[in-house]
Trainee: 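What follows is a structure written as structure tokens; I'll ask about it next.
Here is the naming used below: chain letters follow the sequence lines, and residue numbers restart at 1 for every chain.
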Amino acid sequence: MAYEFGAIEPKWQKRWEESGCFHVETGGDRPKFYCLEMFPYPSGALHMGHLRNYSIGDLTARFLRMNGYNVLYPIGFDSFGMPAENAAIKMKIHPAKWTLDNIDHVTGQFKSMGCSYDWRRMVKTCLPDYYRWSQWFFLRMYERGLAYKKHAPVNWCDSCGTVLANEQVIGEGVCWRCGTPVVKRALEQWFLRITDYAEELLENLDNLSGWPERVLTMQRNWIGRSEGVRFDMRIADTDLSIEAFTTRIDTIFGVTFVALAAEHPIVERLAEMMPRGRRDEVLEFVRRISSRSAIERTANDGDKMGIDTGFEAINPVNGTRAPVWIADYILMDYGTGAIMGVPAHDQRDFDFVRKFGLGIIPVVRAEGETAPNPDEMTAAIDADGIACNSGEFDGLPTPVAIEKIGEWFESNGWGRRETQYRLRDWLISRQRYWGTPIPVVYCDRCGTVPLPESSLPVELPFDARIPDNGGNALLDCEDWVRTTCPRCGGPARRETDTMDTFICSSWYFLRYLSPACDSSPFRPEDADYWMPVDLYIGGIEHACLHLIYARFFTKVVSDLGLVPSDMREPFTGLLTQGMVVKDGAKMSKSLGNVVDPDEIIKKYGADTARLFILFASPPDKSLDWSDKGVEGANRFLNRVYRMVDESASELRSAKRAAVSMDSLPAGPGKDLKRLIHSTIDRVTKDIKDERQFNTAVARLMELYNGLTVFNPGNEIEWSLFREGVESLLLCLSPFCPHICEELWEAMGNDDYLATARWPSVDTEALKADRVTVVLQINGKLREQYEVEPGLSKEELTKRIMDQPSAKSRVGGKEIVKVIAVPDRLVNIVLRG
RNA sequence: GCCGAGGUGGCGGAAUGGCAGACGCAGCGGACUCAAAAUCCGCCGUGGGCGACCACGUGGGGGUUCGAGUCCCCCCCUCGGCACCA
């Protein structure tokens, strides 16, 4: 007989909700814990990845609540974005309706999972009472110069019809949402000055000890700090100069050419001065290079293209002239868009000169060797060495040469040392309707004018019609666009771009703290109490997206004085859950290997689904979906149910007094007592310290196995059995809350397991009264003996050596050495 | 190329330098049943032996150690990130 999860689960979901037992308030005596999950985008229904995310979160929240923490565990919806607009076009339905309907559906799914959220704190980012504060943050940033508009080459996704931030161009240069290759377009767009925080974003990573190493590495890579020298080279016979950046200023004497990015602004100036024929060639080259997408650019890996401009740059250190080329491997958006070419010590430059027949001057030699002969070089030497052909700097080791030549440049006023980052400012404009309006108007007289705080929120016009071609519906909302300038009262037009949805998700965790606050984004006293988030659970895919943006926002919020000045990081603990895979591939519609959470919950119940997900693998590894494994989890719950159900009346009447170890005779009773408490001990450590939920479940299965073979025969044994069953239910309840509540009630308890105290470990019961000690001969396992614990090395050695079986193992051979590890083993090393 | 994670039975996965394979899945055998399902009991790394046992075994090769899945060096493979980043 299978237990009636279909009746049990809704029963407890209803009771929990009605009792408000998961509501939390700021303050109190208990220690606080903020357990946060990456909130979902409501694109229809939850998938298995969500189920995993929220099973882990709910387990954590329930466990800590039972352990005496005041646990903030909220949920909400990241509800602006493209899918709503796509649905609007496809299904002729308003994005708002589509979104809000989905939110209702997904809310029902969360409830059917048994998640212990404080539902009063629900946040929906597409509602004005939320996005009003995103606009408010924008205005604060604008005041501080952190939000600005500039004309720049930006990433454009043709399919989404909008620009994208650098972080949203992924893989081989495709759109993060739709996978379309991204192209560059020169447009005027809004940016947030995240690069102002580059150094701090990088530095603070060292303090995030609760983050997985791989996420830290990914962010370090992404921010990409490098130290070098920025300097100018005059272009001979012109009044122009080229600015270059290098991390290897020690190789300055090895410059044999200079290369510019095709998009470099100086190219046009040079072109104007070129003879007609060359000008046409150069401009044609530039056109060809700059029209390529990232994919095309990386496709011809290695093979470099270039064209000589006919101009020469003058090396500031010795006045030598180097030809100025335009090369396809120079990127406009890194450094200065121009480089000094040192083929002897940079492989890319080396490849370039070999193709175009330019010179090579080695200026670094290996220690103890002479400078290489340029004609015999087959590759650039980029390793550190000793400076040569470098005038007064000859003989200096590379790091010293970098230091000295850097100082020399600064003292001569040729350039300055500086730090470069790969991180770019965050492009936040989106040419989309379904997003937060940017609170700015354009006035003929006053120019760009930020709206006053009192006019917030700038609400999205509801009656917009999404054009079938996927364009921005706001462009057609003439009544909305036309407005008056808050400064001069004259006619003005609203900004029709909306904000990147990653703005919404950059501060939602603060809104949960004070969801109803209407005088500021959140109440500072709530943030003082709850922040930072103690554990944040979500997918690794946000390592260089949301997780960088939210860190940046938090630093800005701190600088604005809304949270204490030392609160610089939002998330102290991070758990990146692994993917859910089936048949060796990530679940996806196109592969047809998707398993619908609703169907699993309907067929086996939420408790089974949660148990399987938490048991099948450690949370940060990928999870192999197995229908058979789900059945196994279900089987286990059925067994637990039967065990309690079959002896419910005896359990109810059993005395609920902890049976002490002393009162039990040696044998099954003591063994069970020990099992109960070692299980509590291990499960607690597995959840709290290791976050190894799979092994915690295994331990609980072992406890169940121990309980089923125990046959209580007297009053004490029934009390012990009750202690065991209750411990099992208490420890299992964060994994499978419904069935545990049901059985808890069946045993005659009238409190909620959800708010019960986690069982404590009887340390007396952990002490073993005998241990298995193994005998090794030359490190190989030979015999096993039962002895009392706590024997000293000497006692143990003597005891084991006296065993007849041990004596015969040794025979007459010479004993070289005996190693004894108390309570574990004796290893006898024999000669020959 | 650089950085990170990983490689353990048929499968998912366990193992503070000390009994490799916990727990589960699958499989095999048995009980119950007219039968099946469900349930319960037993077996379950490979090779050898009737057997108690023996040998081998954690991607490959070396090393440290009384003892290595675990520590060190070299190599191979898988996954993930970054990548003409100057």
Trainee: Could you tell me how far B:C11 sits from B:C75 if I compare only their P atoms? Round to whole Å.
Mentor: 29 Å
Trainee: Is any side-chain nitrogen or oxygen of A:Asn705 closer than 4.0 Å to OP1 or OP2 of B:G24?
Mentor: yes
Trainee: What residues, two or more places apart in sequence or in another chain, satisfy side-chain contact (heavy atoms from CB on, under 4.5 Å) together with A:Glu786?
Mentor: A:Arg770, A:Thr772
Trainee: Sort me out a list of protein N/O and nucleotides 65-69 of chain B N/O pairs below 3.5 Å, or just none if empty.
Mentor:
unit_1 : atom_1 : unit_2   : atom_2 : d
B:C66  : OP1    : A:Lys817 : NZ     : 3.0
B:C66  : O2'    : A:Asn827 : ND2    : 3.4
B:C66  : O2     : A:Asn827 : ND2    : 2.4

Trainee: Show every side chain to side chain donor-acceptor pair (under 3.5 Å) that has at least one partner inside residues 694-703 of chain A, sequence neighbours left out.
Mentor: A:Asp686-A:Thr695, A:Arg699-A:Glu702
Trainee: I need the residues from residues 242-265 of chain A with at least one non-hydrogen atom less than 4.0 Å from RNA chain B; give them sorted by number, or say none.
Mentor: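 Contacts with RNA chain B under 4.0 Å: A:Phe245, A:Thr246, A:Thr247.
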Trainee: Are A:Ser617 and A:Arg52 linked by a side-chain donor-acceptor pair shorter than 3.5 Å?
Mentor: yes
Trainee: Do A:Glu702 and B:C23 share a donor-acceptor pair, side chain to base, under 3.5 Å?
Mentor: no
Trainee: Which pairs pass salt bridge (charged side-chain N to carboxylate O under 4.0 Å, His left out) with one or both residues in residues 243-259 of chain A, sequence neighbours excluded?
Mentor: A:Arg230-A:Glu243, A:Arg248-A:Asp250
Trainee: Can you tell me how far C1' in B:G62 sits from the matching atom in B:A68, rounded to whole Å?
Mentor: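 Pairwise C1' distance, B:G62 against B:A68, rounds to 14 Å.
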Trainee: Is it the case that the side chains of A:Glu167 and A:Trp222 hold a donor-acceptor pair, with the cut-off being a distance below 3.5 Å and no angle test?
Mentor: yes
Trainee: Provide the distance between the two C1' atoms, one in B:C73 and one in B:G57, to the nearest whole Å.
Mentor: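 It works out to 23 Å between them.
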Trainee: Can you list the stems that RNA chain B is part of, where a stem is at least 3 pairs in a row, each Watson-Crick or G-U, with both distances below 3.5 Å?
Mentor: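 Listed by first number, the stems are B:1-7 with B:76-82, B:10-12 with B:23-25, B:27-31 with B:39-43, B:45-48 with B:53-56, B:59-63 with B:71-75.
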Trainee: Can a side chain N or O of A:Arg422 be found less than 4.0 Å away from OP1 or OP2 on B:A83?
Mentor: yes
Trainee: Report the residues that fulfil salt bridge (Lys or Arg N to Asp or Glu O under 4.0 Å) with A:Arg220, sequence neighbours left out, ordered by chain and then residue number.
Mentor: A:Asp206, A:Glu213
Trainee: Could you run through nucleotides 51-58 of chain B and give me one letter per nucleotide, 5' to 3': B if any protein heavy atom sits under 4.0 Å from the base, S if only the sugar-phosphate is that close, - if neither?
Mentor: ---SSS--
Trainee: Considering residues at least two apart in sequence or located in another chain, which fulfil the side-chain contact (heavy atoms from CB on, under 4.5 Å) criterion with A:Glu814?
Mentor: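 If we apply the side-chain contact (heavy atoms from CB on, under 4.5 Å) test to A:Glu814, skipping adjacent residues, the hits are A:Arg831.
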Trainee: Roughly how far apart, to the nearest Å, are B:C43 and B:A36 at atom C1'?
Mentor: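 It works out to 24 Å between them.
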Trainee: Would the A:Tyr604 and A:Phe612 ring centres measure less than 6.0 Å apart?
Mentor: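 Here the rings of A:Phe612 and A:Tyr604 have centres that are no less than 6.0 Å from each other.
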Trainee: Classify A:Leu700 by what it touches in the nucleic acid, base, sugar-phosphate, or nothing, heavy-atom distance under 4.0 Å.
Mentor: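 Counting heavy atoms under 4.0 Å across all strands, no contact is made by A:Leu700.
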Trainee: Measure across A:Ala262 and A:Val286 and return the closest heavy-atom pair with its distance rounded to 0.1 Å.
Mentor: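 Residues A:Ala262 and A:Val286, closest heavy atoms: O-CG1, 3.4 Å.
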Trainee: So does A:Asp333 pair up with A:Lys184, basic N to acidic O under 4.0 Å?
Mentor: yes
Trainee: Detail all sub-3.5 Å separations between protein N/O atoms and N/O atoms belonging to nucleotides 39-45 of chain B.
Mentor:
unit_1 : atom_1 : unit_2   : atom_2 : d
B:U39  : O3'    : A:Arg642 : NH2    : 3.3

Trainee: For nucleotides 8-17 of chain B, give me one character per nucleotide, 5' to 3': B if any protein heavy atom sits under 4.0 Å from the base, S if the only such contacts are to the sugar-phosphate, - if neither.
Mentor: ----BSSSB-
Trainee: Considering only NZ, NE, NH1 and NH2 on the basic side and carboxylate oxygens on the acidic side, decide whether A:Arg674 and A:Asp671 come within less than 4.0 Å.
Mentor: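 Salt bridge present between A:Arg674 and A:Asp671.
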Trainee: Nearest 0.5 Å, what's the CG-OG1 distance between A:Asn827 and A:Thr797?
Mentor: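 Those atoms lie 10.5 Å apart.
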Trainee: For A:Glu631, is there an ion pair with A:Lys603 - N to carboxylate O distance below 4.0 angstrom?
Mentor: no
Trainee: Answer yes or no: is there an ion pair linking A:Lys355 with A:Asp303, defined by an N-O contact shorter than 4.0 Å?
Mentor: yes
Trainee: Between A:Asp349 and A:Tyr329, is there a side-chain donor-acceptor contact under 3.5 Å, judged purely by atom types and distance?
Mentor: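 Yes, side-chain donor-acceptor contact under 3.5 Å.
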Trainee: Remember a base hit wins even if backbone is also touched, and classify A:Gly224 as base, sugar-phosphate or nothing at under 4.0 Å, heavy atoms.
Mentor: nothing
Trainee: Where along residues 211-219 of chain A does a heavy atom come under 4.0 Å from RNA chain B, residue by residue in number order?
Mentor: A:Arg214, A:Thr217, A:Met218
Trainee: Starting from the 5' end of RNA chain B, give me the residue, A:Ile540 or A:Asp333, whose nearest nucleotide shows up first.
Mentor: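 Nearest nucleotide further toward 5': that of A:Ile540.
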